[in-house]
Amino acid sequence: MTYDFDLFVIGGGSGGVRCARIAAGHGARVAVAEERFWGGTCVNVGCVPKKLFVMAAEYGNSAADAKGFGWNLGPATHDWSALIGEKNVEIARLNGIYVKLLTGVGITIFEKKAVFIDPHTLDVGGERVTAERIVIATGGRPVMPPFVGAEHVIVSDDAFFLKQFPKRVVLLGGGYISVEFAGIFQGLGAQVDLVMRQKLPLRGFDEDLRTGLAEELTNSGIRLHAEVAVREVTARGDIKTVHLADGTTIEADLCFAAIGRAPYVAGLGLDNAGVAIDAKGAVTVDTTSATNVAHIYAIGDVTDRLNLTPVAIAEGHSLAEALYGNGPRHWDLERVATGVFSSPPIGTVGLTEAQAAARGPADIYLSRFTPMRHTLTGRARKTLVKLVVDQATQRVLGAHKLGDDAPEIIQGISIAINCGAAKADFDRTVGVHPTAAEEFVTLRTRTRVAGG
Ligand code: NDP
């Protein structure tokens with residue numbers, strides 16, 4: 001049977017676009033359907049605009065800190081609508097680049113939703129299209145909160161288009177998005193309350209990072225409400241009231257729920273193709289991104305593996321190489337570094353102290369110090385640098401940093417860790433002075449032994 005396309009990718013986000021481009025580069029006849037915006041979550045309502053917002057907030061902090069260096073800048077004011085306008089221009093530019101990247105290599109694009117009719121046929125905005133192979137790359141969507149009054153709450157998709165800057169913000173959740181937006185709103189001048197059901201933010205991260213971040217958030221003026229659930233949100237005009245289970249009420253101009261994201265499979269017609277999903281709605285795949293249907297694959301957040309943009313890109317690239325190139329390309333998905341763009345940010349790679357301790361004795365090296373910048377600014381801010389080392393082999397299993405530029409620094413450290421570097425390799429590396437990063441190669445004295 002001949003098909004309209006060799007490969008049809010559903011979803012024009014980071015993973016889908018990479019998969020399509022690599023396949024087309026190997027000569028496949030490829031189409032991509034995108035129903036919302038080119039570049040997906042990362043480009044439109046995720047990593048990219050979030051980082052621009054983080055930068056905007058950092059300017060505010062820097063303006064305040066500059067006084068310690070002799071600057072007299074006068075009172076700083078921020079124009080929220082100017083930021084949104086500039087951000088929208090940049091995102092539109094990126095949308096255009098994505099389209100060019102696809103069409104430039106001969107890929108057919110559909111700005112429509114694609115729905116399975118059968119395992120080889122899709123309805124794409126009313127048009128029947130067939131493909132030999134199909135990749136599902138539809139990503140995820142924010143989870144809506146379950147409590148009464150959820151209609152008064154926004155999610156991250158909305159946060160990038162707020163017409164007015166909220167003076168008082170309540171963030172719900174203690175994950176990536178909540179701590180990142182806490183820093184954004186606080187840095188831009190809002191009073192921020194963060195409500196989480198754990199004792200500390202960022203469950204799953206190293207405990208020292210979690211404790212350190214909680215202290216930094218508190219020091220910056222963010223009010224943390226730990227180990228408490230939201231009972232209800234009510235609204236009176238534009239004012240929202242968040243009612244917590246412990247009886248506390250918080251008034252705000254904006255209530256923002258960041259309680260996770262779920263795979264986006266709604267209306268895809270997966271049943272028509274016989275594609276299996278798990279209890280969370282994620283498309284079930286094996287390590288090669290193959291679903292239970294021989295010629296249908298899934299990559300990125302819709303599979304709910306490691307929900308990070310570079311991982312989706314790696315999965316898409318590897319799949320396209322496996323299907324049309326010289327075999328799958330290998331990425332080490334065991335030790336993926338990640339950054340949290342909180343204020344201050346986090347960079348982390350490899351095992352946490354608790355994970356390492358569960359495997360056997362681990363040597364822990366930890367340093368906490370005032371970074372040079374803040375010796376003059378007077379801002380109460382500490383940097384934390386930590387190495388987790390397997391005691392038996394002396395291999396570095398994990399590296400963690402809380403402090404300025406941590407995500408930038410951890411990228412380099414992650415190469416060493418992926419190469420299997422031992423503590424002695426870090427020790428024989430001469431530092432770059434004066435930097436915070438040099439602390440990773442000057443940690444001489446073991447702080448403690450964990451596990452074993
Ligand atoms: P996360 O999964 O990171 O965190 C969700 C948070 O919400 C947790 O604190 C969780 O608590 C809490 N939560 C979940 N359900 C409820 C509930 N019913 N009531 C109260 N609290 C609840 O989700 P995010 O929304 O922050 O981010 C989604 C994903 O997007 C991330 O996991 C990450 O994969 C990706 N992301 C990555 C970024 C980066 O790389 N810098 C930035 C932003 C997002 P508990 O811990 O108790 O479960």
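These figures come from a predicted structure and were not determined experimentally. Both ligands and their constituent atoms are indexed starting at 1 by order of listing.
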Check whether the ring centres of Phe160 and Phe53 lie less than 6.0 Å apart, and answer yes or no. yes

Would Arg261 count as a polar contact of ligand 1, with the cut-off being nitrogen or oxygen pairs under 3.5 Å? no

Using heavy atoms and a 4.0 Å limit, tell me yes or no: is Met196 in contact with ligand 1? no

Taking atom 7 (O) of ligand 1 as the reference point, the nearest protein heavy atom with its distance: Ile259 CA, 3.2 Å

For Ala258, the atoms of ligand 1 under 4.0 Å from one of its heavy atoms are 5 (C), 6 (C), 7 (O), 25 (O)

With a cut-off of under 6.0 Å to the ring centre and 45° to the axis, is Arg36 in cation-pi contact with Tyr264? no

Which atoms of ligand 1 have any heavy atom of Gln198 under 4.0 Å away? 45 (P), 46 (O), 47 (O)

For the residue pair Val388 and Ile364, establish whether any side-chain heavy-atom pair is separated by less than 4.5 Å. yes

I want to check something: taking the side chain as every heavy atom from C-beta on, are Arg305 and Val311 in contact at a cut-off of under 4.5 Å? no

Begin with the C-alpha distance, continue with both residues' side-chain angles, and end with the deciding distance and a verdict on side-chain contact (heavy atoms from CB on, under 4.5 Å) for Tyr365 and Val389. CA-CA 8 Å; Tyr365 295 84; Val389 180; 3.9 Å; yes

Between Thr309 and ligand 1, find which residue part has any heavy-atom pair under 4.0 Å and reply side chain, backbone, both or neither. neither

Beyond-backbone contact of Thr352 with Glu207, side-chain heavy atoms, under 4.5 angstrom: no

Short list, please: which atoms of ligand 1 are under 4.0 Å from a heavy atom of Asn307? 33 (C), 34 (O), 35 (C)

Have a look at Gly260, Ala257, Pro142 and point out the one with the heavy atom closest to atom 2 (O) of ligand 1. Gly260

Under a 4.0 angstrom heavy-atom cut-off, which atoms of ligand 1 come close to Lys50? 41 (N), 42 (C)

Decide, yes or no, whether a salt bridge links Lys87 with Glu90 under the criterion of side-chain N to carboxylate O below 4.0 Å. no

Tell me whether the centres of the aromatic rings in Phe116 and Phe8 are closer together than 6.0 Å. no

Between Gly339 and ligand 1, is there a nitrogen or oxygen pair with a distance under 3.5 Å? yes

Quick one: pull up CZ in Arg381 and CG in Asp404 and give me the separation to the nearest 0.5 Å. 6.0 Å

For atom 19 (N) of ligand 1, which protein heavy atom lies nearest, and how many Å away is it? Arg197 NH1, 3.9 Å

Is there a polar contact between ligand 1 and Ile177, counting only N or O atoms under 3.5 Å apart? yes

Option set Gly175, Pro407, Pro145, Gly173, criterion heavy-atom distance to atom 4 (O) of ligand 1, minimum: Gly175

Would you mind reporting whether Val43 and Asn95 have side-chain heavy atoms less than 4.5 Å apart? yes

Does any N or O atom in Pro146 lie less than 3.5 angstrom from one in ligand 1, N or O only? no

Atom 3 (O) of ligand 1: nearest protein contact (heavy atom, Å): Tyr176 N, 3.3 Å

Within the structure, does Gly174 bring an N/O atom to less than 3.5 angstrom of an N/O atom in ligand 1? yes

